[in-house]
Amino acid sequence: MSTHDIFATLRARTVAILAELLPELPADSFARVQMEPPRDASHGDMATNAAMVVAKLAKLPPPKLAAQLAERLAALPEVAEAAPAGPGFVNLRLEEGFVRAQVASVLAAGERYGDSTLGGGLKVNLEYVSANPTGPMHVGHCRGAVVGDALANLLSKAGYAVTKEYYINDAGAQVQALAWASYWRYLQALLATPEGQALAAAGPASLRDFAASARDRADFESAFTVTLQYGGDYLVPVGQALVAQRGVALAPGADGQPTAAALAEIQATTVAMMMVDIRADLAALGVQQDVFTSELALVQAQAVSTAIATLSDKGLVYEGVLEPPKGKTPDDWEAREQTLFRSTQFGDDVDRPLRKSDGSNTYFANDIACHADKIARGEALLIDVWGADHGGYVKRMQAAVKALTDGKVPLDVVLCQIVRVMRNGEPVRMSKRAGTFVTLRDLLDDLAEMTGSQTAARDAVRFTMLTRKADAQMDFDLDKAVEQSRENPAFYVQYAHARCRSVLRTGGEPADLASAPLEALTDPAELALIRRIAAWPRTVEAAALAREPHRIAFFLHDLAGDFHVLWNKGREDATLRFIREDEPEATRARLALVAATATVIRSGLQVMGVEAVQEMR
RNA sequence: GGACCCGUAGCUCAGCUGGAUAGAGCGCUGCCCUCCGAAGGCAGAGGUCGAAGGUUCGAAUCCUUUCGGGUCCGCCA
């Protein structure tokens with residue numbers, strides 16, 4: 001609930017009246033009563049469905065109840081007119097003074113206008129990005145980063161205590177493969193030094209072979225019977241850093257093999273360096289997370305076996321054999337006994353393996369430990385932002401969290417669909433091998449070149465990523481994202497804010513706007529703008545409840561539209577200009593409205609993580 | 001074979017958790033700048049909400065079936 005939300009205010013009045021009219025009804029009868037802006041502005045400022053929702057319980061025909069309700073609502077000081085309509089709506093037209101007072105509310109509250117107590121300080125853990133630390137971030141991670149970050153801001157504004165978390169997948173086969181790739185780069189770097197060359201020349205035959213294999217990827221792979229999944233050049237600096245830090249200490253022993261300790265150290269160093277890059281990329285996107293949890297650390301602390309034991313104590317773990325997937329049996333399928341979790345008891349389609357047939361833990365098991373860790377930290381609501389390719393994973397994770405907490409802690413998952421990067425209307429081909437692999441850094445650099453500013457690039461990406469529902473596929477058009485035209489919502493909103501600032505600068509930035517005579521605001525376009533502003537608090541709450549930060553972008557687009565309309569009316573009709581030399585009081589009132597508009601735009605952009613510009617250049 | 005997401009105007013998309021005559025931008029059509037707030041503005045046309053059933057006072061929204069598009073389905077993370 002927001003203290004600024006006039007819809008909530010009138011809804012509360014409505015419920016109070018209903019309780020008086022129908023004293024025999026229990027209090028929870030009114031839960032579904034809504035007070036909303038009507039779709040058609042000709043219906044007034046607000047409409048309530050109260051009569052229709054309560055009619056059946058009250059055993060009254062909706063129109064009759066609506067008429068009674070309207071009569072009582074019309075008597076309220078905030079209400080100018082209340083009329084029953086349609087199948088049982090009550091339409092309200094508000095006193096203009098009450099509407100205008102919202103401008104003063106905004107000026108008094110500043111950017112805290114729209115803050116809500118909806119969350120009640122509930123501890124929420126929001127996990128997003130969590131890109132594998134095996135390389136630079138690519139554009140595929142970008143959407144989740146922006147959506148997650150904006151959602152964090154949104155939930156904070158709505159009164160939740162948000163922890164922003166990054167789960168580092170630094171255990172398992174992927175990072176082991178990464179370590180081998182780093183090892184290769186290390187050997188290459190080592191052989192470029194006199195010490196390395198001396199070692200190769202003096203070493204046993206196996207070591208000399210090594211020197212040869214280090215130069216060639218295929219030779220290296222056959223020498224070690226490994227596949228280099230991560231052949232990219234981005235590990236070259238890692239190899240060099242390893243040489244600089246450790247010299248020949250990680251070089252192969254007499255048997256030509258790296259020691260387990262050496263590989264573990266290389267893995268740790270590589271992951272650490274990748275995380276430095278990833279954090280730099282995130283920072284360039286304006287994303288800063290609070291907690292970075294290491295999967296490896298959880299594994300080493302026995303958190304996984306503890307989590308499995310917890311589930312086992314609840315009788316939810318057994319040894320069993322899964323059916324092969326129907327219709328599409330893998331060629332090499334063979335039935336194997338595994339440790340399984342009874343996720344079907346919690347709505348999943350099949351039970352899921354916690355341990356592979358060789359007894360090692362699955363990623364799922366580790367992820368359960370990660371979520372158990374969050375729960376142990378006292379988080380009361382978990383939200384994960386994942387890529388669409390993890391969609392098949394939602395039910396099992398929700399099942400696990402439900403099992404761990406006996407249903408007390410919900411897990412919401414926000415799935416982000418794929419983003420295609422478009423240039424000149426053509427999709428940019430993505431290929432790691434061909435080097436057209438688009439990293440987040442490349443994307444930001446390109447946009448920075450197009451806009452001449454790192455900040456503008458970041459803001460273009462963040463805004464554009466929020467102009468679609470997360471669960472809809474999206475094309476990210478580089479040219480459109482920085483285009484300065486009405487077609488680009490990011491520009492359109494920024495332009496509105498810049499215009500506001502421009503007007504306020506011209507008007508001399510008066511300090512006493514809070515006392516402005518708002519009754520001077522009488523034009524329909526002015527009142528429409530105020531009504532839009534008044535809808536900001538409920539927009540924040542609805543977006544937070546739905547976990548849909550894109551709604552903020554659409555709200556700002558509408559708000560900017562209302563403001564641009566008013567601006568343009570001033571072109572047609574000079575008496576509607578914001579600043580009028582001959583009317584100082586009307587000017588103050590209009591500047592107050594402009595200041596309130598700017599404040600709400602800034603507040604919305606803040607949720608999106610976009611900087612509000614002072615002027616367009 | 002199954003699970004999940006998406007099908008809304010010619011195009012790209014909203015639609016406030018079930019409300020009234022389904023909205024916006026682009027495109028299209030028609031008006032509007034010698035100057036004064038045009039990197040534009042105003043107005044208009046354009047939709048059986050993929051299809052068919054069902055639930056109820058009321059469905060783009062919920063349920064079932066079905067047709068398209070996407071993502072995924074033990075021993076990757």
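In what follows, every chain begins at residue 1, and chains take the letters A, B, ... in the order their sequences are listed.
- Comparing G74(B), C16(B), C5(B) by their nearest atom to the side chain of Arg336(A) picks out G74(B).
- Positionally, the nearest nucleotide of RNA chain B for Val394(A) lies more toward the 5' end than for the other of Val394(A) and Leu576(A).
- Its glycosidic angle being more than 90° from 0, C57(B) falls on the anti side.
- Side chain of Glu572(A), nearest nucleotide from C26(B), C5(B), G41(B): G41(B).
- Less than 4.0 Å separates RNA chain B from at least one heavy atom of each of the following residues of residues 531-539 of chain A: Arg538(A).
- Ring geometry for Phe292(A) versus Tyr166(A): interplanar angle under 30°, hence parallel rather than tilted (30 to 60°).
- Nucleotide A14(B): unpaired (no Watson-Crick or G-U wobble partner with both distances less than 3.5 Å).
- Note: Trp386(A) and His390(A) have tilted aromatic rings, judged against thresholds of 30 and 60 degrees for the angle between ring planes.
- Within the structure, every pair that satisfies the salt bridge (charged side-chain N to carboxylate O under 4.0 Å, His left out) test and touches residues 340-357 of chain A, not counting sequence neighbours, is listed here: Asp348(A)-Arg352(A), Asp349(A)-Lys395(A).
- Classification of U71(B) as anti follows from a glycosidic angle more than 90° from 0.
- Between Tyr492(A) and His557(A), the ring planes lie tilted relative to each other; the angle falls in the 30° to 60° range.
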**OP:** Spell out protein contact along nucleotides 7-14 of chain B as letters: B when the base is contacted, S when just the sugar-phosphate is, - when no protein heavy atom is under 4.0 Å; keep the 5' to 3' order.
**Re:** S----SSS
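- Spacing between C62(B) and U29(B) at atom C1', rounded to whole Å, works out to 40 Å.
- For the pair Ile579(A)/Arg590(A), no side-chain contact is recorded, criterion being any heavy-atom separation below 4.5 Å from C-beta on.
- Of the two residues contacting RNA chain B, namely Glu295(A) and Gln417(A), the nearest-nucleotide position lying further toward the 5' end is that of Gln417(A).
- Counting heavy-atom neighbours within 6.0 Å of Glu319(A) CD, excluding the residue itself, gives a total above 12.
- Using cut-offs of 30° and 60° for the angle between ring planes, the Phe578(A) and Phe563(A) rings count as parallel.
- Distances were taken from every side-chain heavy atom of Gln174(A) (C-beta onward) to each of C76(B), U17(B), A39(B); the shortest belongs to C76(B).
- Note that Arg551(A) lies outside the cation-pi zone of Phe555(A), set by a 6.0 Å cut-off to the ring centre and a 45° limit from the axis.
- Sorted by first and then second residue, the salt bridge (charged side-chain N to carboxylate O under 4.0 Å, His left out) pairs involving residues 42-69 of chain A (not counting sequence neighbours) are Asp45(A)-Arg531(A).
- Contact annotation: Lys356(A) side-chain N/O to G74(B) OP1/OP2 distance is not under 4.0 Å.
- When both pairing distances are held under 3.5 Å, G44(B) makes a Watson-Crick or G-U pair with C28(B).
- Note on Phe7(A): nothing from the nucleic acid sits closer than 4.0 angstrom, heavy atoms only.
- Across C49(B) and U61(B), the matching C1' atoms stand 10 Å from one another, rounded to whole Å.
- The NE2-C1' distance, from His564(A) to A38(B), rounds to 13 Å in whole Å.
- Nucleic acid contact for Leu545(A): base, since at least one base atom lies under 4.0 Å from a heavy atom of the residue.
- Using atom C1' as the reference point in both G23(B) and G40(B), the two lie 23 Å apart (nearest Å).
- A side chain to side chain contact (heavy atoms under 4.5 Å, CB included) with Met616(A) is found for exactly one of Gln494(A), His497(A), Arg499(A), namely Gln494(A).
- Among the nucleotides A39(B), C76(B), C36(B), the one closest to any side-chain atom of Ala173(A) is C76(B).
- For Arg396(A) and A77(B), the CZ to C1' distance is 12 Å, given to the nearest whole Å.
- Across all strands shown, Ala542(A) has heavy atoms under 4.0 Å from sugar-phosphate atoms exclusively, and none from any base.
- Between the C1' atoms of C26(B) and U65(B), the separation comes to 37 Å (whole Å).
- The nucleotide A3(B) finds its pairing partner in U71(B), both defining distances of the Watson-Crick or G-U wobble pair being shorter than 3.5 Å.
- Phe555(A) comes within contact range of no nucleotide atom at all, as no heavy-atom separation falls under 4.0 Å.
- Each of Lys480(A), Arg468(A), Arg420(A) was checked for a side chain to side chain donor-acceptor pair (under 3.5 Å) with Asp475(A), and the lone residue meeting it is Arg420(A).
- Checking side-chain atoms of Thr464(A) against main-chain N and O of Val461(A) turns up no donor-acceptor pair under 3.5 Å.
- Taking side-chain N and O atoms only, Lys56(A) has a distance below 4.0 Å to OP1 or OP2 of C57(B).
- Of the P atoms belonging to G74(B) and U55(B), the separation is 40 Å, rounded to the nearest Å.
- Here, G19(B) and A43(B) have their P atoms 28 Å apart, quoted to the whole Å.
- Put simply, CG on Asp389(A) is 17 Å from P on C6(B), counting in whole angstrom units.
- The OH atom of Tyr393(A) sits 11 Å away from the C1' atom of C76(B) (whole-angstrom rounding).
- Across the strands present, C62(B) finds its partner in G54(B); the criterion is a Watson-Crick or G-U wobble pair with both atom distances under 3.5 angstrom.
- Spacing between A51(B) and G7(B) at atom C1', rounded to whole Å, works out to 11 Å.
- G50(B) and G30(B) have their P atoms separated by 32 Å, given to the nearest Å.
- In this structure, OH of Tyr363(A) is placed 6 Å from C1' of A77(B), rounded to the nearest angstrom.
- Under the rule for a side chain to side chain donor-acceptor pair (under 3.5 Å), the partners of Thr575(A) that lie at least two apart in sequence or sit in another chain are Asp573(A).
- What separates CD1 of Ile552(A) from P of C16(B) is a distance of 14 Å, to the nearest Å.
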**OP:** Tell me, with the steps shown, if Thr227(A) and Glu221(A) meet side chain to side chain donor-acceptor pair (under 3.5 Å).
**Re:** CA-CA 6 Å; Thr227(A) 303; Glu221(A) 290 181 332; 5.2 Å; no
**OP:** Given salt bridge (charged side-chain N to carboxylate O under 4.0 Å, His left out), test Arg336(A) with Asp358(A) step by step and report yes or no.
**Re:** CA-CA 10 Å; Arg336(A) 287 174 184 166; Asp358(A) 67 1; over 6 Å; no
Original post:
Reading nucleotides 19-24 of chain B from the 5' end, what letters show protein touch, with B for base, S for backbone sugar-phosphate only, - for no heavy atom under 4.0 Å?
Top reply: BB---S
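- Both distances falling under 3.5 Å, in either a Watson-Crick or a G-U wobble arrangement, occur for no nucleotide opposite U34(B).
- The distance from atom CD of Glu487(A) to atom C1' of A39(B) is 14 Å, rounded to the nearest whole Å.
- Rounded to whole Å, atom C1' of G1(B) lies 13 Å from atom CG of Asp349(A).
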